[in-house]
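Below, chain A is the first sequence line, B the second, and so on; all start at residue 1. None of the values given here were measured: they were computed from a predicted structure. What's counted below: heavy atoms across the whole structure, side chains too, no hydrogens, waters or symmetry copies.
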Amino acid sequence: MTSIVDSLFNYISFINIDMNILLLFAIVVPGLILFILMALNVMLSVYFERKVAAFMQDRLGPMEVGIFGFKGGKKFWGGIGQIFADTVKLLTKEDIMPANADKFLMTISPFIIVIGALLTFIGIPFSDGLIVSDFNIGILYIIAMSSVGVIGVILAGWSSNNKWSLYGAMRSAAQIISYEIPIGLTLLLIVIVCGSLQVSDIVSWQANHRWFIIHSPFTFIAFFIYFISVIAETNRTPFDIPEAESELVAGWMTEFSGFKWSIFFMSEYANMLIVSLVASFVFLGGWLSPFTIINVFPHNWLIFDGFYWGIFWLLSKAIFLVFVMMWFRWTFPRLRVDQLMYVCWKVFIPFSLANLFLVTIWELIF
Amino acid sequence: MGAYILSQYFIDIYDTVKSMISGMSLTMKHLRNKKDLVATLQYPNEKWPQPERNIGFETADYNVIRSRLHVDIDDCIGCLQCERACPVDCIKIETIKPPKGSEFDCGQTSHETQKKMIVPRFSIDMSECMYCNLCVYPCPEECIFMVGGPNEPKHEIDYEYSKYVKHDLVFEFSNTTDQEIKDIGGQAYLDKRNANSDKIANGYNLEAPKQSDISVIEENSKEEKKSTKHVDIGFSVFKSIPDKMTRGIAKKSYTYGRRNSMDMLAISKYVEEAINSYSKMSPEVEEAIKLIVTFAYPEIPDSETITKPSNSIVDSSNNESDVSLFDIKKLNDIEDKMVRGSLKKIFMSGKRSNKHSNAVIEEMLEFLINEGKVTEDLATLLNSLKSDSNPDKSDIIVEPIKKENNIFDIKKLNDIEDKMIRGTAKKIYMGGKRAGITSNQIVANIKKELENSGKINSELSEFLDKLL
């Protein structure tokens, strides 16, 4: 099991140049690919979300901007040109800076958030061995990096010199930090069971035994606690109190426009993809096909497993979870602040702690 | 109490999960059945079906529905009564009658009325229409009506006919083809209509006149001024006569000649006679009389009565028209404005550099070929000009006399019965006369044209042959 950086390094090491330059190359290439992936992700996800939202509300969504012969009709691809129109619109919009804003912080805060998202991708696998770096503290690294965004949120709220933006940022930070705890506790559960923080170890444990979601009742509950908590952490409905579009005009993002705002957008959808990928490789068997959900089939039966099938399975699991997030968004009304905190501190954290205790007993018995 | 709260806690969680599942299943139901449940109507592409009408009594009694005018053009006999009835003039009808004796069948209406003409244009501007329904009553064939209501069986109601531009609200009902118009002998109508549509089309790309065009126009106006001057100069010629009495007689007789639109030659003769009758002839008078003729026919220096004007006279007369050049007015026959302007420009530059007319015409032809605007008519016109202007200046004869000698009288053409053919023939005659071709050529041209439009018959050709 190797990582992208390692294999790239091996491939190009026959060129007789300085080690440091090779290393730089091996790092820049996956970085670029990840950035392009994030950009594509935001374009497609926005369209996907608009379509899902429209169909769930008996509407049609974008229909008029068709390309490649897709236009109109009650079809999913009817307005696929919208993604390009949206991109062009966002990138060419005027970049407004409020008069008394802290210009430096306001400029860097979107980039802090997007860098947090980009760095998280280093520890995220896309298939067996298709990971930028497969280090032994993978899960810990992912949790740590996904919290970097909070700094950007606080800076964005502060620098825009708008008291409501600052309030929004405070709420958002409070929410993100609160929900870090159940996320950490549920992931700790998995770490306890499989005995490793490394991503590849977690998936290979699932290949050898069974997927974590059906491993025990406690991991089953843990999956839902994790999934709902990450929805709250990515500030999505029903937990989007900090940016409640209909009431607060995007909360801490109010003063941002144009390119900076599109960076926020990009990081939001990148975060959605990240948490879905984490949920799929931690609980849903990662790049393993659904036939490995329990380890009963002999090894040579599993023709749908492999490197390329792995990409397909992992991405389809992640995209399904992204879809479920959208499904949530267009089903549930927004929570109140006290309900938000109630769910976190009075439900998820006690349940995760109980889970943690009970799963250790479960492991001792079975 | 504590146990109660704890149980309530779990009941709340259970309820939450249950309601979450039921809520999500609801949205999923909508997502899965999106084809049936979608409420959006993509308006310009889709429209709701018209709802059933139930206004409490028979629609046939209800004659107030005024949604849109419609014309059953097959029933229209072109009587123009609706056009006259319209208070806002939003109906425009154009008709063509087949010529006398024509075999063309205009068809019958559904009331079995024989139609006497075709209707190549029947347009109703619904943006101007005020729905007064007044055009409907006079129609003898009941072919114009408001759709819907009592006319529902004829045409269903059109309750919205929104358009993107106002011009699209002009509804054209005529279904006459160009071929039919041609068959009925409406070539002139077609040409006019096409010219009109061209004009409109050109109007959409209006451009400021080019600098070259402006200069051509200016030159033309200068030229015109000059020419008017040189007619009137004849009058001032007599200034050189010292004797008051003689001058008066000369001027009077000159004006008399002008008023009776006499030829310049005749005028000069008349003036000469008048002065001779008073026996006041002097060398100055003779000179002046000569000058008159020189101004009028600068290119006819040699004739029986008039001696060749000396160079000094030409110079002093301030009229340096080159003897070898043809008249610029002949170019006025060219229809295309652009070509005319360009050719006139070439003419003027040739005139200024004292070029021979053949050389000038060569230049013109070259220009036309380069521009790709050369047509048969143009080439023949220019060539005819070429043959006209003989390089031997001294031997030239008076032009109008020459033409009239060679060509048959136009009145002979009046014997042609068909108006259309007569008009065409006369047109060709005049064109030929202007171009200075012989009667043989004119007759040949007429025959050719008639053959093209398929109007020739043996009687006509015999008649034409007789003319020669």
Side-chain angles (χ1 to χ4, degrees), chain A residues 48-66 71-79 220-221 223-225 227-228 231 237-239 320-321 323-335 338-340 342-352 354-355, chain B residues 1-52 68 126-127 156-169 171:
Chain A
F48 188 47
E49 170 138 38
R50 289 179 70 171
K51 274 296 185 189
V52 168
F55 288 148
M56 281 183 177
Q57 297 178 337
D58 295 346
R59 293 184 289 114
L60 284 171
M63 279 270 127
E64 287 303 314
V65 196
K71 186 172 186 295
K74 291 175 186 177
K75 294 196 188 77
F76 183 80
W77 300 108
F220 182 76
I221 294 169
F223 170 72
F224 289 100
I225 292 177
F227 190 65
I228 294 170
I231 292 173
T237 328
F239 304 99
F320 174 73
L321 289 179
F323 166 73
V324 173
M325 284 185 180
M326 293 170 183
W327 189 3
F328 266 47
R329 177 170 178 185
W330 300 104
T331 305
F332 301 123
R334 194 171 294 127
L335 272 71
D338 65 310
Q339 288 169 336
L340 179 88
Y342 179 94
V343 169
C344 179
W345 293 99
K346 285 190 171 176
V347 181
F348 285 171
I349 290 176
F351 266 74
S352 329
N355 260 349
Chain B
M1 195 62 189
Y4 172 74
I5 292 172
L6 199 62
S7 68
Q8 191 61 41
Y9 174 78
F10 284 107
I11 289 167
D12 282 351
I13 290 173
Y14 173 73
D15 283 348
T16 310
V17 173
K18 216 175 95 178
S19 66
M20 270 173 78
I21 291 167
S22 73
M24 286 175 78
S25 64
L26 181 75
T27 42
M28 183 46 83
K29 204 176 83 192
H30 280 262
L31 180 71
R32 286 163 63 91
N33 300 331
K34 55 181 182 286
K35 288 254 161 66
D36 305 324
L37 292 172
V38 160
T40 311
L41 186 81
Q42 293 196 285
Y43 168 62
N45 306 326
E46 303 172 342
K47 285 167 189 172
W48 285 115
Q50 190 207 337
E52 279 293 314
R68 181 164 75 74
M126 289 311 289
S127 66
E156 65 174 10
I157 192 163
D158 192 0
Y159 61 93
E160 49 95 89
Y161 43 98
S162 38
K163 294 283 189 293
Y164 287 109
V165 289
K166 191 185 159 200
H167 182 78
D168 287 351
L169 282 172
F171 287 81

Who are the side chain to side chain contact (heavy atoms under 4.5 Å, CB included) partners of B:Ser127, not counting sequence neighbours? B:Asp125, B:Lys166, B:Leu169
B:Asp15: what forms a salt bridge (charged side-chain N to carboxylate O under 4.0 Å, His left out) with it, not counting sequence neighbours? none
Report, as yes or no, whether the 6.0 Å neighbourhood of atom NZ on A:Lys346 holds more than 12 heavy atoms from other residues, nucleotides or ligands. no
On the 0 to 90° scale, with breaks at 30° and 60°, tag the A:Phe48-A:Phe323 ring pair as parallel, tilted or perpendicular. tilted
Hey, can you tell me if A:Phe328 and A:Phe227 have their rings parallel, tilted or perpendicular (30° and 60° cut-offs)? perpendicular
Taking non-hydrogen atoms and a cut-off under 4.5 angstrom, which of residues 23-30 of chain B neighbour chain A? B:Gly23, B:Met24, B:Thr27, B:Met28, B:His30
The criterion is side chain to side chain donor-acceptor pair (under 3.5 Å); which residues satisfy it with B:Asp168, sequence neighbours excluded? none
